[in-house]
Amino acid sequence: MNGPWDVRAVCTPRCAAHTPPPLPLPGTVRRATAFAGAAGRALTAGPRLADPVRLRAYARALLAALSVGLEVRGAATGVDPLTVPAAPGAPGTLIALNHISWLDIVALLAVEPATLLAKREVGHWPLVGGLARRAGTHFIDRTSPRRLPQTVRELSALLAAGRSVAVFPQATTWCTADQGAFRRATFQAALDAGAPVRPVTVDYVQQGCPTTVAAFCGDDTFAASLRRVITARELTVRVTVHPALPTAGRGLDRRALAGAVERVVLGGGRTAGGVGPGGVRPADQAGHPADRPGQALGTYL
């Protein structure tokens with residue numbers, strides 16, 4: 001059922017394609033068997049899966065079973081490269097990512113098991129839904145717009161309590177990392193909590209070349225997408241971590257903040273001229289540039 005938070009998919013399953021030829025059948029069978037074993041071990045871990053160290057290990061095991069490489073690039077280093085180090089009592093980090101595939105969630109958990117904010121439907125996806133639920137994901141019912149302010153308050157409370165939360169502000173998936181637009185509501189939660197925002201770009205390559213094979217778009221099925229991933233040669237998910245944008249004391253609004261983060265994430269780190277402190281152009285708040293597709297339902301969304 002479509003809801004008022006939904007963005008009509010522009011990308012379709014036809015967008016997803018192998019760059020090099022798919023893996024032959026014997027290799028596919030071996031990889032599928034390995035993935036089934038890794039998935040079974042993850043889903044039978046029970047409550048233990050909620051432990052961040054275990055969750056990261058299981059997510060990495062899933063990627064390894066799929067023969068999907070993980071490359072983390074960017075400004076941050078250390079054990080938790082997505083979370084901004086903070087003093088006790090300081091707010092957590094809002095991690096904002098673009099969205100291409102169900103594999104994005106596995107990659108995120110493999111880097112840092114932050115709390116996820118996801119649409120309700122993700123909880124019913126095979127495997128990924130189970131991992132998301134065990135990771136403590138907060139699910140959004142996008143058919144109920146009246147719940148939006150409460151969702152923002154809950155997200156703000158999590159951030160204020162020091163929890164880091166990962167969100168996909170595009171509200172749908174796109175086949176490449178340079179498309180779409182960011183909805184603004186989750187950025188209001190960061191402003192209310194005074195939480196920094198960490199822009200993160202997720203993209204996929206095969207044999208070092210950009211690929212759409214991992215895309216999970218439109219009316220695609222999980223089974224079809226999983227089949228493409230299992231048969232993909234030398235697939236790597238790249239997680240590019242950009243410098244965090246502070247929000248406390250900046251006098252921002254959610255429109256300016258969402259726009260600043262969108263430019264960094266979808267631009268893959270390329271910054272435009274005239275960017276002010278915290279990555280926000282002065283004109284963003286006063287001028288309010290024209291909306292991009294996906295933002296036509298109002299400034300709050």
Side-chain angles (χ1 to χ4, degrees), residues 10-35 38 56-82 95-112 128 166 168 170 172-180 198-218 220 222 224-243 261-272:
V10 175
C11 297
T12 72
R14 294 180 180 178
C15 297
H18 292 266
T19 302
L23 198 67
L25 181 59
T28 299
V29 172
R30 287 193 296 269
R31 193 177 290 181
T33 302
F35 177 72
R56 181 188 283 115
Y58 279 118
R60 293 194 173 201
L62 288 170
L63 292 178
L66 291 167
S67 295
V68 174
L70 175 63
E71 180 184 343
V72 182
R73 308 188 304 175
T77 58
V79 176
D80 294 317
L82 304 185
I95 304 165
L97 308 89
N98 63 298
H99 206 4
I100 294 175
S101 172
W102 55 271
L103 204 54
D104 302 344
I105 296 174
V106 181
L108 172 67
L109 297 177
V111 176
E112 181 181 350
V128 176
F168 298 96
Q170 292 170 309
T172 191
T173 50
W174 302 78
C175 64
T176 60
D178 58 354
Q179 302 185 75
R198 174 75 78 184
V200 175
T201 303
V202 178
D203 67 319
Y204 294 86
V205 296
Q206 284 185 277
Q207 298 180 343
C209 298
T211 183
T212 60
V213 71
F216 182 45
C217 299
D220 204 357
F222 181 82
S225 179
L226 177 60
R227 189 181 310 114
R228 286 193 301 272
V229 170
I230 286 177
T231 58
R233 293 177 184 265
E234 298 182 45
L235 178 63
T236 296
V237 53
R238 297 190 305 197
V239 179
T240 302
V241 182
H242 305 290
V261 177
E262 177 187 298
R263 283 192 299 276
V264 174
V265 173
L266 302 189
R270 296 188 300 273
T271 55

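For the single chain, residues carry numbers from 1 onward in sequence order.
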Please check this pair: side chain of Gln206 against backbone of Thr19, looking for a donor-acceptor N/O pair closer than 3.5 Å. yes
Are Leu103 and Tyr204 side-chain neighbours, meaning at least one heavy-atom pair lies under 4.5 Å? yes
Side chain to side chain contact (heavy atoms under 4.5 Å, CB included) filter on Ala65, not counting sequence neighbours, yields Ala34, Phe35, Ala38
field: Sub-4.5 Å side-chain heavy-atom contact between Val205 and Gln207
entry: no
Residue set satisfying side-chain hydrogen bond (donor to acceptor under 3.5 Å, both in side chains) with Thr212, at least two apart, ordered chain then number -> none
Quiz item: Side chains of Val229 and Val213: does their closest heavy-atom pair fall under 4.5 Å?
Solution: no
Residue pairs meeting salt bridge (charged side-chain N to carboxylate O under 4.0 Å, His left out), one or both in residues 201-212, sequence neighbours left out, come to Asp203-Arg238
Taking the side chain as every heavy atom from C-beta outward, state whether Gln179 and Cys11 have any atom pair closer than 4.5 Å. yes
ring-ring contact (aromatic ring centres under 6.0 Å, His included) filter on Phe168, not counting sequence neighbours, yields His99
Distance col, row Ser67:OG vs Arg233:CZ, nearest 0.5 angstrom, shows 11.5 Å
Measure the shortest side-chain to side-chain distance between Thr211 and His18 over non-hydrogen atoms and say whether it is less than 4.5 angstrom.
-> no
The reported gap from CG in Leu97 to CD1 in Ile105 (rounded to nearest 0.5 angstrom) is 10.0 Å
Taken to the nearest 0.5 Å, the spacing of Leu82 CG from His242 NE2 works out to 11.0 Å
Taking every heavy atom of Pro243 against every heavy atom of Pro199, the minimum-distance pair comes out as O-CD, 3.4 Å
Note: Asn98 and Ala177 closest approach over all heavy atoms is ND2-CB, 3.5 Å
Output for pair (Arg31 CZ, Leu66 CG), nearest 0.5 Å, gives 7.5 Å
Given the options Val237, Leu70, Leu62, Val106 meets side chain to side chain contact (heavy atoms under 4.5 Å, CB included) only with Leu62
Please tell me whether Thr240 and Thr201 have a donor and an acceptor in their side chains that are separated by less than 3.5 angstrom.
no
Of all heavy-atom pairs linking Cys175 and Cys217, the shortest is N-SG, 3.8 Å
Residues passing the side-chain hydrogen bond (donor to acceptor under 3.5 Å, both in side chains) test with Arg228, sequence neighbours excluded, are Asp220
Side chain to side chain contact (heavy atoms under 4.5 Å, CB included) filter on Thr33, not counting sequence neighbours, yields Val29
